[in-house]
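Take a look at the structure set out below.
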Amino acid sequence: MAKDYDNDDRDRDANRDRPSDTPQLAALSELRDFEVADGYPDPRGWTVISADGTEVGKVHDLIVDTRSMRTRYLDVRLADHVRGDNHDERDVLIPIGAATIDDAGDRVRVQSLSADRFASLPAYRHGALTREDETDLRSHFTTGDAMSAGVIGSGAVAGADFYDHDHFNDRNFFAKRKTATSQRGDTGDTGDTGDTGDTTARDTERLTVSEEQLAVGKRQVAAGEVGVRKNVETRHVEQEVPLTREEVTVERRPLSADSATGDVRINDEEIRVPVMREEAVVEKRMVPVEEIIIRKTAVRESQTVGADLRRERVDVDDASVRAQTNRSDEARGR
């Protein structure tokens, strides 16, 4: 007999306590002994609708945690207009609790993602998923600093099981259609089986209360540019230089007859004495004087963003029930 991947609620609650540090995830189509349990819908092949009402693809497969026997992700094959110019098939994973069955028919709706954000999800390569892969994927469905603080949405606390989170609560996905299927099955049952569980299912109505949450992301945009350029300019420089030159002085002094030596005669004679001087020689040379270092520094600042969010509020109108109860009490009092 094939083994149900999605046992009854009692067995599923017991399996929630199993540690998920080393998850064993596999596609349902690759598991021989696993199948969708009776009474639960099989969404494979259903159309996936984004928060803005766009058809973004179809459910290709279910990703099952074989240890806890529960569905963890929907394998969604994106449509051509979502994945862009790349015409190769591309699958992404959606946590099962982030999707709901649409009331209009066999369609799956993901309220937390618009159509353009589907294209930014990590591609699913149909291989083994690591905890790092799952953490990266979950960051696309959370906002703010919740991941770093250890609290990620309703019901998730630091140190808790990784799947103890509304994003992996498959009851949110399966419960509504399961109840409708059970009611359709009970319609044709004419015998009294005495099964109080079926009676409870028929007498139970479910109302889902939703709210909008603010999803704030960040992107890089151009803020301008800084240009640094060198320009050549000419300046006139003057510098005082000390120079030396030779000057000639002529001294005359008389000679006595006794001091005269040699052959003394009268004739024309000339003596030339070289006179030297220094002159300034100007030359130019290239000398590096400084360097310019350009660095970019990230400056963190805070910006407040806001939006008007809607949420549903439940009002219980039991006036008619209370009036009927009062009349019954008065009748019994008489």
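Sequential numbering from 1 along the given sequence is applied to the chain's residues. Quick caveat, the model's predicted, so the values are computed rather than measured.
Interatomic distance, L62 CG to E35 CD, rounded to the nearest 0.5 Å: 12.5 Å. Separation of atoms CG (D106) and OG1 (T47) is listed at 9.0 Å; rounding is to 0.5 Å. Within the model, atoms CG of D164 and CZ of F168 stand 10.5 Å from one another, a figure rounded to the nearest 0.5 Å. Atom-to-atom distance recorded for H165:NE2 and F141:CZ is 11.0 Å, nearest 0.5 angstrom. The OG1 atom of T208 sits 10.5 Å away from atom CD1 of I101, with the distance rounded to the nearest 0.5 Å. Here I96 contributes atom CD1 and Y73 contributes atom OH; the two are 11.0 Å apart, rounded to the nearest 0.5 Å.
Between D308 and R310, none of the side-chain N atoms (NZ, or NE/NH1/NH2) sits under 4.0 Å from a carboxylate O, so this pair counts as no salt bridge.
For the pair P43 and V59, the tightest heavy-atom approach, listed with the atom from each and the gap, is O-CB, 3.3 Å. What you find for I49 and R107 is that their closest heavy atoms are CD1-NH1, 3.8 Å. Scanning all heavy atoms of the two residues, the minimum distance from S68 to D65 falls at OG-OD2, 3.2 Å. F162 and R138 make their closest contact through O-NH1, 3.0 Å (heavy atoms, listed as atom of the first residue, atom of the second, distance).
Not a single salt bridge (Lys or Arg N to Asp or Glu O under 4.0 Å) links D75 to another residue, sequence neighbours left out. Scanning for side-chain contact (heavy atoms from CB on, under 4.5 Å) contacts around E312 gives V209, S210, with sequence neighbours left out. A search for side-chain contact (heavy atoms from CB on, under 4.5 Å) contacts involving T244 returns E278, not counting sequence neighbours. Applying the side-chain contact (heavy atoms from CB on, under 4.5 Å) rule to E246 yields the partners V275, M276; only residues at least two apart in sequence or on another chain are considered. Residues passing the side-chain contact (heavy atoms from CB on, under 4.5 Å) test with H81 are T54, A79, sequence neighbours excluded.
When only modelled atom types and interatomic distance are considered, Y163 and E134 share a side-chain donor-acceptor pair under 3.5 Å. T71 and D170 are not linked by any side-chain donor-acceptor pair at a separation below 3.5 angstrom, with hydrogens and angles left out of the test.
Side chain of D133 to main chain of T130: a donor-acceptor pair is present (N/O by atom type, distance under 3.5 Å, no hydrogens or angles).
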Is there a side chain to side chain contact (heavy atoms under 4.5 Å, CB included) between L25 and V64? Walk through the geometry before answering. CA-CA 5 Å; L25 302 177; V64 178; over 6 Å; no
Using the rule given for salt bridge (charged side-chain N to carboxylate O under 4.0 Å, His left out), can you reason through D91 versus R77, listing the C-alpha separation, both sets of side-chain angles and the distance that settles it, and then say yes or no? CA-CA 4 Å; D91 291 12; R77 180 152 293 174; 2.8 Å; yes
Applying side chain to side chain contact (heavy atoms under 4.5 Å, CB included), run through L78 and V92 and close with a yes or a no. CA-CA 7 Å; L78 297 181; V92 297; 3.8 Å; yes
Apply salt bridge (charged side-chain N to carboxylate O under 4.0 Å, His left out) to residues E212 and R311 and explain how you reach the verdict. CA-CA 6 Å; E212 294 179 334; R311 66 177 181 180; over 6 Å; no
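Residue V241 belongs to a hydrophobic cluster whose other members are L243, with links defined by side-chain heavy atoms closer than 4.5 Å. Applying the under-4.5 Å side-chain rule to Ile, Leu, Val, Met, Phe, Trp and Tyr, the cluster around I271 extends to V273. In the hydrophobic clustering, where aliphatic and aromatic side chains (Ile, Leu, Val, Met, Phe, Trp, Tyr) are joined below 4.5 Å either directly or transitively, I293 stands alone.
Side-chain contact between V76 and K58: absent, with no pair of heavy atoms (C-beta onward) separated by less than 4.5 Å. Between L214 and L309, the closest side-chain pair of non-hydrogen atoms falls below 4.5 Å. Within the 4.5 Å cutoff, the side chain of V82 has no heavy atoms near those of the E55 side chain.
For the side-chain contact (heavy atoms from CB on, under 4.5 Å) test with Y124, the passing option among D61, L93, L137 is L93; the others fail.
Counting only residues at least two apart or on different chains, no side chain to side chain donor-acceptor pair (under 3.5 Å) pair has a member in residues 280-291. Listed by first and then second residue, the salt bridge (Lys or Arg N to Asp or Glu O under 4.0 Å) pairs involving residues 223-245 are R245-E247 (not counting sequence neighbours).
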Under 3.5 Å, sequence neighbours excluded: what are the donor-acceptor pairs made by side chains of residues 297-307?
none

Output a table of donor-acceptor pairs, distance under 3.5 Å, between side-chain atoms of residues 109-118 and any protein atom two or more places apart or on a different chain; print 'none' if there are none.
residue	atom	partner	partner atom	Å
R109	NE	D102	OD1	2.8
R109	NH2	D102	OD1	3.2
S114	OG	D116	OD1	2.4
R117	NH1	S112	O	3.4
R117	NH2	H140	O	2.9

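The neighbour count for N267 CG, taken as heavy atoms of other residues, nucleotides or ligands under 6.0 Å away, is above 12. Under a cut-off of 6.0 angstrom, the local environment of CD1 in I294 is crowded, with over 12 non-hydrogen atoms contributed by other residues, nucleotides or ligands.
Using cut-offs of 30° and 60° on the angle between ring planes, the pair H60 and H126 is perpendicular.
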